[in-house]
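Read through the structure below, which is laid out as structure tokens, and then see the notes.
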2 protein chains.
Amino acid sequence: MAELERLNRLLTEFYDKMSSWEQSVVKETDYSLAQVHTIEVLGCCGAMRMKELAEKLGVTTGTLTVQVDKLVRAGLIERRAHPQDRRAIVVVLTEEGEVIHRRHNQMHLTLVEELTRHISPEQESELIGCLEKMNREF
Amino acid sequence: MAELERLNRLLTEFYDKMSSWEQSVVKETDYSLAQVHTIEVLGCCGAMRMKELAEKLGVTTGTLTVQVDKLVRAGLIERRAHPQDRRAIVVVLTEEGEVIHRRHNQMHLTLVEELTRHISPEQESELIGCLEKMNREF
DNA sequence: TTAAATTGTTTGATACTCAAAATATAATTA
DNA sequence: TAATTATATTTTGAGTATCAAACAATTTAA
């Protein structure tokens, strides 16, 4: 079906443009893409253990340990003991980490505002509905 | 505005899920994410020179040279002389590269079909309209 | 209590990336 | 035309990210 092909192209195009936007935004900062992504997830989802964070980021815990070391050294996150499970480490943003996150999140909001500049409120509601349905199907 | 924040969350969630889907799909193959992405771009946009391909992929030409070397060795792409500009190299998929691309593209189509399972044709048209508008604003 | 499973870290190897230097060719200028 | 400047690609050297496997500490299950 041609409609499906068309939608596929548009989604891929959107993904690619989002990807290069993020890359160019991150390049302006002192941190790497992997580091900013880690901050983003912690900022949006809140503190969590290494295992869970690694899964959300799509890397192994070994990889994450290295990244967390760097972010701790940079003063953006902290390691804390898990209150119940003594094997586990809970990773949490520091105040400075929160600042970085809020700043980055604001750029995302500004982008989305620009992207939807010519979309009516009714269309925007439809779009939100579609995204909710699609995200549920993954 | 709360609506903007909501849309931002949904778009980010979609991006992240798309990203991990692609990663898990690529893991099943013999090729890396960077390699599959190169094949995807060549398959969708057709043959092009190194400079242009590097820009579309968001890497330097130096980085691309290395990747192209590997893909040539793997038999998926070929280097050809540019008919007018003797400085330039045109990169093109081989028959095997085309097969890989078609196979990968089919997986994308299947994914999009699943994602839109509960979206009506009317909503889908709206969605397509929104994506076109958004992609234009980047 | 013992055995098995889970959580996180360390280590060694590999892949990806960039910036800068080098090479070849094209385009422009004097 | 000859010299200069710009462009396209490759090569090289260094840094970063990543994984798998081995390890240590702790929890869970038998």
Side-chain angles (χ1 to χ4, degrees), chain A residues 16 19-20 22-42 45 47-74 76-92, chain B residues 16 19-20 22-42 45 47-74 76-92:
Chain A
D16 287 344
S19 188
S20 66
E22 182 78 7
Q23 226 170 348
S24 73
V25 163
V26 165
K27 199 170 289 179
E28 305 293 310
T29 73
D30 295 333
Y31 310 104
S32 72
L33 187 62
Q35 286 169 348
V36 171
H37 200 195
T38 304
I39 297 299
E40 266 185 294
V41 171
L42 283 175
C45 306
M48 67 185 81
R49 53 168 67 193
M50 293 289 289
K51 183 80 188 303
E52 195 183 351
L53 182 54
E55 274 164 8
K56 282 197 198 291
L57 293 170
V59 297
T60 63
T61 54
T63 296
L64 184 58
T65 293
V66 178
Q67 287 299 340
V68 166
D69 284 345
K70 288 178 189 164
L71 288 168
V72 167
R73 240 176 283 131
L76 303 192
I77 66 178
E78 268 179 27
R79 279 186 171 96
R80 297 211 184 132
H82 190 287
Q84 277 85 45
D85 189 340
R86 289 202 297 168
R87 292 169 305 182
I89 293 287
V90 175
V91 185
V92 52
Chain B
D16 287 344
S19 188
S20 67
E22 182 78 7
Q23 229 172 344
S24 73
V25 163
V26 165
K27 200 170 288 178
E28 304 296 307
T29 73
D30 295 334
Y31 310 104
S32 72
L33 187 61
Q35 287 169 347
V36 171
H37 199 194
T38 304
I39 297 299
E40 266 185 292
V41 171
L42 283 175
C45 307
M48 66 186 81
R49 53 167 69 190
M50 293 289 290
K51 182 83 185 303
E52 195 183 350
L53 183 54
E55 275 163 8
K56 283 199 199 291
L57 292 170
V59 296
T60 64
T61 55
T63 296
L64 184 57
T65 293
V66 178
Q67 287 299 341
V68 166
D69 284 345
K70 287 179 189 165
L71 287 169
V72 167
R73 238 175 286 130
L76 303 192
I77 65 178
E78 269 179 28
R79 281 185 169 97
R80 298 215 182 129
H82 190 288
Q84 279 87 45
D85 190 340
R86 289 202 296 165
R87 293 169 303 182
I89 294 286
V90 174
V91 186
V92 53

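A, B, ... follow the sequence lines: proteins, then strands. Residue 1 opens every chain. Side-chain atoms are counted along with the backbone in the values below, which use heavy atoms only and exclude waters and symmetry mates.
Between Glu22(A) and Val36(A), the shortest heavy-atom distance links the atoms OE2-CG1, 4.1 Å. Here the closest heavy-atom approach between residue Glu28(B) and residue Ser24(B) is recorded as CG-O, 3.5 Å. Among all heavy-atom pairs drawn from Thr29(A) and Val25(A), the shortest one is CG2-O, 3.7 Å.
Inter-residue side-chain proximity for His37(B) and Val26(B) is flagged as unmet; no heavy-atom pair is nearer than 4.5 Å. When side chains are defined from C-beta on, Val72(B) does not count as touching Val91(B), because their heavy atoms never get closer than 4.5 Å. Residues Tyr31(B) and Leu76(B) have side chains in contact (heavy-atom distance under 4.5 Å, counting atoms from C-beta outward). For the pair Arg73(A) and Asp69(A), the minimum side-chain heavy-atom distance is below 4.5 Å. Asp85(A) is listed as a side-chain neighbour of Arg49(A), based on a closest heavy-atom distance under 4.5 Å. Looking only at side-chain heavy atoms (C-beta outward), Asp16(B) and Lys56(A) stay at 4.5 Å or farther from each other.
When the P atom of dT27(D) is taken as reference, atom NZ of Lys51(A) falls 16 Å away, rounded to whole Å. If you take CD of Gln67(B) and P of dT11(D), they are 14 Å apart, rounded to a whole angstrom. Met48(B) places its CE atom 12 Å from the P atom of dT9(D), with the value rounded to the nearest Å. Atom NE2 in His82(A) sits about 15 Å away from atom C1' in dA25(D), given to the nearest Å.
Along DNA chain C, the nucleotide closest to Gly62(A) and the one closest to Gln23(A) are compared, and the more 5′ of them pairs with Gly62(A). In this structure, Leu64(A) and Thr65(B) both approach DNA chain D, and ranking their closest nucleotides by distance from the 5' end singles out Thr65(B).
Between the CG atom of Leu57(A) and the CG atom of Leu64(A) there is a distance of 6.0 Å, given to the nearest 0.5 Å.
Within residues 24-34 of chain A, no residue has a heavy atom under 4.0 Å from DNA chain C. For DNA chain D, the residues of residues 84-92 of chain B within the heavy-atom distance limit of 4.0 Å (strictly under) are Arg87(B), Ala88(B), Ile89(B), sorted by number.
Within 6.0 Å of CZ on Arg79(B) lie more than 12 heavy atoms contributed by other residues, nucleotides or ligands.
Once you apply a 4.0 Å limit to the heavy atoms of chain A, the touched nucleotides of DNA chain C run 5' to 3' over dT6(C) to dT10(C).
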